Amino acid sequence: MAPQLDGYFKQVDTLSDHFIERLRQAVAIPSVSSEPARRPDVVRMGHYLRDQLTKLGATAELRELGKQPGTDLNLPPIVLARYGSDKNKRTILVYGHYDVQPAEKSDGWDTEPFELTVKEDGRLCGRGSTDDKGPVLGWLNAIEAHQAAGIDFPVNLLMCFEGMEEYGSEGLEDLVNEEGKKYFADADAVCISDNYWLGTERPCLTYGLRGCNYYSIEISGPGADLHSGVFGGLAHEPMTDLVRVMGSLVEPDGTINIPGIKEQVAPVTADEEGLYDGIAFTMETLHESLGSKTTIFEDKKKTLMARWRMPSLSLHGIEGAFSAPGAKTVIPAKVIGKFSIRTVPNMEIEKTNDLVYKFVEEAFKKLNSKNTMKVYAQHCGNWWVASPKHWNFEAAAKATERVWGVKPDFTREGGSIPITLTFQEATGKNVLLLPMGSSTDGAHSINEKLDKKNYIEGIKLLGAYLHYVAEEPMN
Ligand SMILES: NCC(=O)N[C@@H](Cc1c[nH]cn1)C(=O)O
Ligand SMILES: [Zn+2]
Ligand SMILES: [Zn+2]
C-alpha cells in the first residue's frame, strides 16, 4: 500500500536540516497576536508563509479581514492557498495558525524564545515550535519533499492559515462560512494539525475539543492609582473587590461555583465508561508534562474525564495590578481580572455567559462596595466532537502505523481550536485532528519545544496521510 512512500520518507530525511532551517526562520518572527505592538510581525509571518507557498508552486493569496473590533489595529491576513487542481484526485483542506502566545526570556525561558535553539537531545526550542509553526510548516515541507523525490502529490491540497487563533480566531469564522461553498467547495475532508499526543510515546488521532469562553471583570473606583498610606482603609479598593469576586468562581479542587454550569454537561454513557482504560496514558507522563505531582485526581480515568469531557474554570491574570518584583505600596485605581471556562457537550455559549454574568454581578453586590464593576466575554469558541468512523480517520490511522509502527489512540483534547466546528459546518465534511507534537512540548508555557523526531516523522506522517487518503474508498 502507498508504494511511493519510501522515496518520500527518504527525501524528508535528506532535507531535515533544511526543514529545521525553515522552522528557525518562522520562529524568528515574533508573531504574538495578543500584543498590539507585535501586530506588524504577525502580518510579516502571514507574508512569509504566502511567499514560501508561492515558491513551492502553490497558488497563494492573502485575505484581509479589516480592523480588529474595538481597536485601530488591522487584523492579520488569512493565507489561502491551493496546491494542485486535478479533478481525479481527492482534495484535502488543511488549517493551521501562524500566530503564537506571548513569550519573554524573563518569563523564565532557558533560551531566547524567538531564536530556535537545537538542543543535543533533539529538542527544537522556541515559541511556536509546536504550537503551531512546526505543524503548519509540516504541510509545506511535505510538498517540497514530494518535489525533491519526484513523486506525484497524491491529493489536491487547500490551505487556510490564520494569524489570530491564540486570540479567539477573530475574523476567521465569517471567512470560513463565506468560502465553505466557494474556495473550499471541492474539499473532501479537513485536517488540522494543532494539538498534541497524550503522552510522549503513543501517537493519537483526535476527534474532540473543549470550547473556550474568555471573560474580563473590570473594577474601578479611584480617579488614579493611590498611596496606600494616605488612602488605605478609607477608600474602597478595586483589587480587594476583584480578588474576592475571582476567588468565589472556583474551588481549589477545580469545582466551579457558578450554578447552572454542571447541569448542562452531557451524562456519561455506558460506552464512554469503557473508553478510558485502553488509552495509553499514565499519571507519570502527566506529572512529567505538568512539571510537578500537583494533580487533583490520583487516577487516570478521572483525570482524562476532567480534561476531555468536564468544564474547567481557570484564573489567568489581573491587568493593572502591581506585578513587578519589589514592594510598591500602590492601590491600583482600575483592575481587570481575566478568566476562562473550557466548555464541553452540551454547554451553550450564550446560556453559559448569562450564568457567569449573573453570578459575578451577585458576588460583587454582596461586597457592598462603592466601586463600579463590569463583566463581559472577550471571545467565545464552541466545543467540537466528531465521529472518528470515517475514511479520513482510517487514512490517518494507516499513516500513523506506517510512520510510527503503532496504532494510534483515539483521543479528545482539553484545549480549543475555535474554528474546527465552523469548518465542519461550512464544508459539511469530516474534520480530523492529526497532532505532531507530544505532551511534554510546553505549548503556551516557557521553553516550548518540538522534538526533532516529532517534527521530521511528523512531516512524514502528514505526507503519508495524504497518500492513504488517496487510496481510501469513500464511506
Ligand atoms: N493549539 C490550540 C490552542 O492553543 N488553542 C487555544 C485557543 C484559544 C482559545 N481562546 C483563546 N485561545 C487554547 O487556549 O486552547
Ligand atoms: Zn495552536
Ligand atoms: Zn495555542
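Whatever order the structure lists them in is the order used to number ligands and atoms, beginning at 1. Heads up: numbering here begins at 1 and tracks the sequence. Bear in mind that the values here come from a model prediction, so they are computed numbers and not experimental data.
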Participant: Tell me whether ligand 1 is touched by Q101 - counting only heavy atoms on the residue side and a distance under 4.0 Å.
Facilitator: no

Participant: Hey, what's the angle at the Zn ion (ligand 2) spanning NE2 (H97) and OD1 (D131), nearest 10 degrees?
Facilitator: 90°

Participant: Do the side-chain N and O atoms of S438 and N454 include a donor-acceptor pair separated by under 3.5 angstrom?
Facilitator: no

Participant: Compute whether any side-chain donor of one residue and acceptor of the other, for T411 and D409, lie under 3.5 angstrom apart.
Facilitator: no

Participant: Is the closest side-chain donor-acceptor distance between S31 and K133 under 3.5 Å?
Facilitator: yes

Participant: Please confirm whether D194 approaches ligand 1 to less than 4.0 Å, judged on its heavy atoms.
Facilitator: yes

Participant: Does the shortest distance from the Zn ion (ligand 3) to an N/O/S atom of E165 fall below 2.8 Å?
Facilitator: no

Participant: Is there a side-chain contact between V12 and I456 in this structure, where contact means two heavy atoms from C-beta onward sitting under 4.5 Å apart?
Facilitator: yes

Participant: Distance to 0.1 Å, residue and atom name: give those for the protein heavy atom nearest to atom 8 (C) of ligand 1.
Facilitator: E165 O, 4.0 Å

Participant: Nearest to the Zn ion (ligand 2), which N, O or S atom of D194 do we find?
Facilitator: OD1

Participant: Which residue owns the protein heavy atom closest to atom 10 (N) of ligand 1, what's the atom, and how far is it?
Facilitator: H379 NE2, 3.1 Å

Participant: Taking both backbone and side-chain atoms into account, decide whether E166 has an N/O/S atom under 2.8 Å from the Zn ion (ligand 3).
Facilitator: yes

Participant: In terms of atom number and element, which parts of ligand 1 are under 4.0 angstrom from non-hydrogen atoms of R342?
Facilitator: 13 (C), 14 (O), 15 (O)

Participant: Just jot down the ligand 1 atoms closer than 4.0 angstrom to any heavy atom of D131, in number order.
Facilitator: 1 (N), 4 (O)

Participant: Taking atom types as modelled, is there a side-chain donor on Y465 or N392 under 3.5 Å from an acceptor on the other?
Facilitator: yes

Participant: State whether a side-chain donor-acceptor pair under 3.5 Å links Y95 with E162.
Facilitator: yes

Participant: Answer yes if the side chains of H97 and D99 hold a donor-acceptor pair under 3.5 Å, and no otherwise.
Facilitator: yes

Participant: With backbone taken as N, CA, C and O and side chain as the heavy atoms from C-beta onward, which portion of H444 lies under 4.0 Å from ligand 1: side chain, backbone, both, or neither?
Facilitator: side chain

Participant: Within less than 4.0 angstrom of ligand 1, does N195 place any heavy atom?
Facilitator: no

Participant: Determine whether E165 and I419 make a side-chain contact, defined as any pair of heavy atoms from C-beta on separated by less than 4.5 Å.
Facilitator: no

Participant: When the ring centroid of Y455 is compared with that of F19, is the distance short of 6.0 Å?
Facilitator: no

Participant: Using a 4.0 Å cutoff against the non-hydrogen atoms of Y196, which atoms of ligand 1 qualify?
Facilitator: 1 (N)

Participant: Quick test: of every protein heavy atom, which one is nearest to atom 5 (N) of ligand 1, and how far off is it to 0.1 Å?
Facilitator: S416 O, 2.6 Å

Participant: Is the closest heavy atom of R210 to ligand 1 under 4.0 Å?
Facilitator: no

Participant: Are any non-hydrogen side-chain atoms of L175 and Y183 less than 4.5 angstrom apart?
Facilitator: no

Participant: Among C212, S33, G415, which one has a heavy atom closest to atom 9 (C) of ligand 1?
Facilitator: C212

